[in-house]
2 protein chains.
Amino acid sequence: MRAEALKGHLDGLLLAALEDGPRHGYAVKEALRDTTGGKFDLPTGTVYPALHRLEQAGLISGSWSVVGGRRRRTYELTDEGRRSLAGARDHWQEFAAAISTALGGSPWPATN
Amino acid sequence: MRAEALKGHLDGLLLAALEDGPRHGYAVKEALRDTTGGKFDLPTGTVYPALHRLEQAGLISGSWSVVGGRRRRTYELTDEGRRSLAGARDHWQEFAAAISTALGGSPWPATN
DNA sequence: CTCCCATGCGTAGCGTTACTACCTATAGCG
DNA sequence: CGCTATAGGTAGTAACGCTACGCATGGGAG
């Protein structure tokens, strides 16, 4: 799965990965890979800058810790991040419905 | 609807708009606006360059005509364009399913 | 008759954003 | 001792839709 198509949707996915609870960057990457069945196995060079963006935007907040001699930056959703995630879900559904309609063919075949 | 999220999906939509039959650029733009209920009312500066890209890629072929003193470039799908459209549909479904899963919440609320 | 608007095509430059490629560091295993 | 997985990071690139323009014609408003 080419991740280029993600443009504009990655942020929502990262927020969703943090909804279950705080995670550090590497774990976010793995969670995303697992929940998508390996379809979105993003390079770290995509994930880390994106997390930095989200933090700067105030959607997540990070804190350093050290586990097993390795420093970790653990992120968790802020209230604004939670709101943004809800918005991203709404936006996605609207977007997906519009694309599916315009693209034609069977509208919602999903993974049946 | 912010069309920025279209990144990587616009081409498929344009191809789909040409599936019913040949259309000129402006008509493609209108068709897209109508089939999406006004959600994707793309500026011409988005549509024309995209059509040029598709033509260069050999997915559509264009020909000039003059209607009412105005020149028109009418495009139609090539065989390769038709194949690409089918691929775009497959790709979209896979992509949408993956995003929906990762984004969580209600998986396929669609427009029920 | 003139001006504006819808139609119709087009380009130049910009900004966002994911990508590739690379760097640092530790722990554990062969 | 080197390789791999884990864990974090940066620099530079490229794609692509966007904004903001420009050109032209025909028809309707004034």
Side-chain angles (χ1 to χ4, degrees), chain A residues 1-15 17 22-34 36 39-57 59-60 62-75 88 95 98-99 102, chain B residues 1-15 17 22-34 36 39-57 59-60 62-75 88 95 98-99 102:
Chain A
M1 170 76 59
R2 298 272 62 215
E4 298 167 3
L6 274 177
K7 297 261 178 185
H9 303 291
L10 175 59
D11 292 5
L13 295 183
L14 296 178
L15 293 176
R23 276 204 177 94
H24 60 281
Y26 204 85
V28 167
K29 168 185 144 66
E30 290 189 314
L32 206 51
R33 186 193 58 203
D34 294 346
T36 58
K39 286 193 181 67
F40 293 133
D41 193 2
L42 305 177
T44 63
T46 292
V47 174
Y48 291 122
L51 288 172
H52 297 165
R53 248 189 299 135
L54 291 175
E55 189 176 20
Q56 270 202 324
L59 303 183
I60 61 179
S63 58
W64 287 107
S65 60
V66 176
V67 177
R70 285 191 217 88
R71 65 196 182 121
R72 275 186 184 169
R73 188 147 184 86
T74 302
Y75 295 100
F95 174 79
I99 298 275
Chain B
M1 170 76 60
R2 299 270 61 215
E4 297 166 4
L6 274 177
K7 298 261 179 185
H9 303 291
L10 176 59
D11 293 6
L13 295 184
L14 296 178
L15 294 176
R23 275 204 177 94
H24 60 282
Y26 203 84
V28 168
K29 167 186 145 65
E30 291 188 314
L32 206 51
R33 187 194 56 204
D34 293 347
T36 58
K39 285 193 181 67
F40 293 135
D41 193 3
L42 305 177
T44 64
T46 292
V47 174
Y48 291 122
L51 288 172
H52 297 165
R53 247 189 299 137
L54 292 175
E55 190 177 18
Q56 269 204 324
L59 304 182
I60 60 178
S63 58
W64 286 106
S65 60
V66 176
V67 176
R70 285 191 216 88
R71 66 198 181 120
R72 275 185 184 169
R73 188 147 184 86
T74 302
Y75 295 100
F95 175 79
I99 297 275

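In what follows, chains carry the letters A, B, and so on, assigned in the order in which the sequence lines appear, proteins first and then strands, with residues in each chain numbered from 1. All values below were derived from every heavy atom in this structure, side-chain atoms included, with hydrogens, water molecules and symmetry-related copies excluded.
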Identify each atom pair where a protein N or O and an N or O of nucleotides 1-3 of chain C are less than 3.5 Å apart, giving names and distance.
none

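- Taking 4.0 angstrom as the limit, A/R53 places a side-chain polar atom (N or O) nearer than this to OP1 or OP2 of C/dA18.
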Polar atom pairs (N or O), protein with nucleotides 6-10 of chain C, under 3.5 Å:
unit_1 : atom_1 : unit_2 : atom_2 : d
C/dT7  : OP2    : B/Y26  : OH     : 3.4
C/dT7  : O2     : B/R70  : NE     : 3.3
C/dG8  : OP1    : B/R72  : NE     : 3.3
C/dG8  : OP1    : B/R72  : NH2    : 2.4
C/dC9  : OP1    : B/R73  : N      : 3.0
C/dC9  : OP2    : B/Y26  : N      : 2.7
C/dC9  : OP2    : B/Y48  : OH     : 2.8
C/dG10 : OP2    : B/H52  : NE2    : 3.0
C/dG10 : O6     : B/T44  : OG1    : 3.4

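- We find that NZ of A/K29 is positioned 15 Å from P of C/dA18, with the value rounded to whole Å.
- Take the nearest nucleotide of DNA chain C for A/G68 and for A/P49: the residue whose nucleotide is more 5' is A/P49.
- Nucleotide C/dT17 holds its P atom 12 Å from the CG atom of A/L14, rounded to whole Å.
- A side-chain contact (heavy atoms from CB on, under 4.5 Å) with B/K29 is found for one member of B/L51, B/T46, B/T44 and no other, namely B/T44.
- Regarding B/L6, its CG atom lies at a distance of 12 Å from the P atom of D/dT19, rounded to whole Å.
- The salt bridge (Lys or Arg N to Asp or Glu O under 4.0 Å) test applied to A/D34 returns no partner, not counting sequence neighbours.
- Between the CG atom of B/D41 and the C1' atom of D/dT19 there is a distance of 15 Å, rounded to whole Å.
- In this structure B/E55 satisfies the side-chain hydrogen bond (donor to acceptor under 3.5 Å, both in side chains) test together with B/R73, sequence neighbours excluded.
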Pairs of donor and acceptor atoms involving the side chains of residues 63-71 of chain A, under 3.5 Å and at least two apart or interchain, shall be tabulated with distances.
none

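- Remark: C1' of C/dA18 and CG of A/L54 are 13 Å apart, rounded to the nearest angstrom.
- For B/H24, there are no ring-ring contact (aromatic ring centres under 6.0 Å, His included) partners at least two apart in sequence or on another chain.
- Across the protein-nucleic acid pair, B/L51 atom CG and D/dG17 atom C1' stand 13 Å apart, rounded to whole Å.
- Under the side-chain contact (heavy atoms from CB on, under 4.5 Å) criterion, B/P49 pairs with no residue, sequence neighbours left out.
- Taking the side-chain contact (heavy atoms from CB on, under 4.5 Å) definition, one finds that A/A102 meets it with B/L13, B/L32, B/T35, B/T36, sequence neighbours left out.
- Atom pair A/L42:CG and C/dT20:P shows a separation of 10 Å (rounding to whole Å applied).
- In this structure, CG on B/L6 lies 9.0 Å from CG on B/L14, to the nearest 0.5 angstrom.
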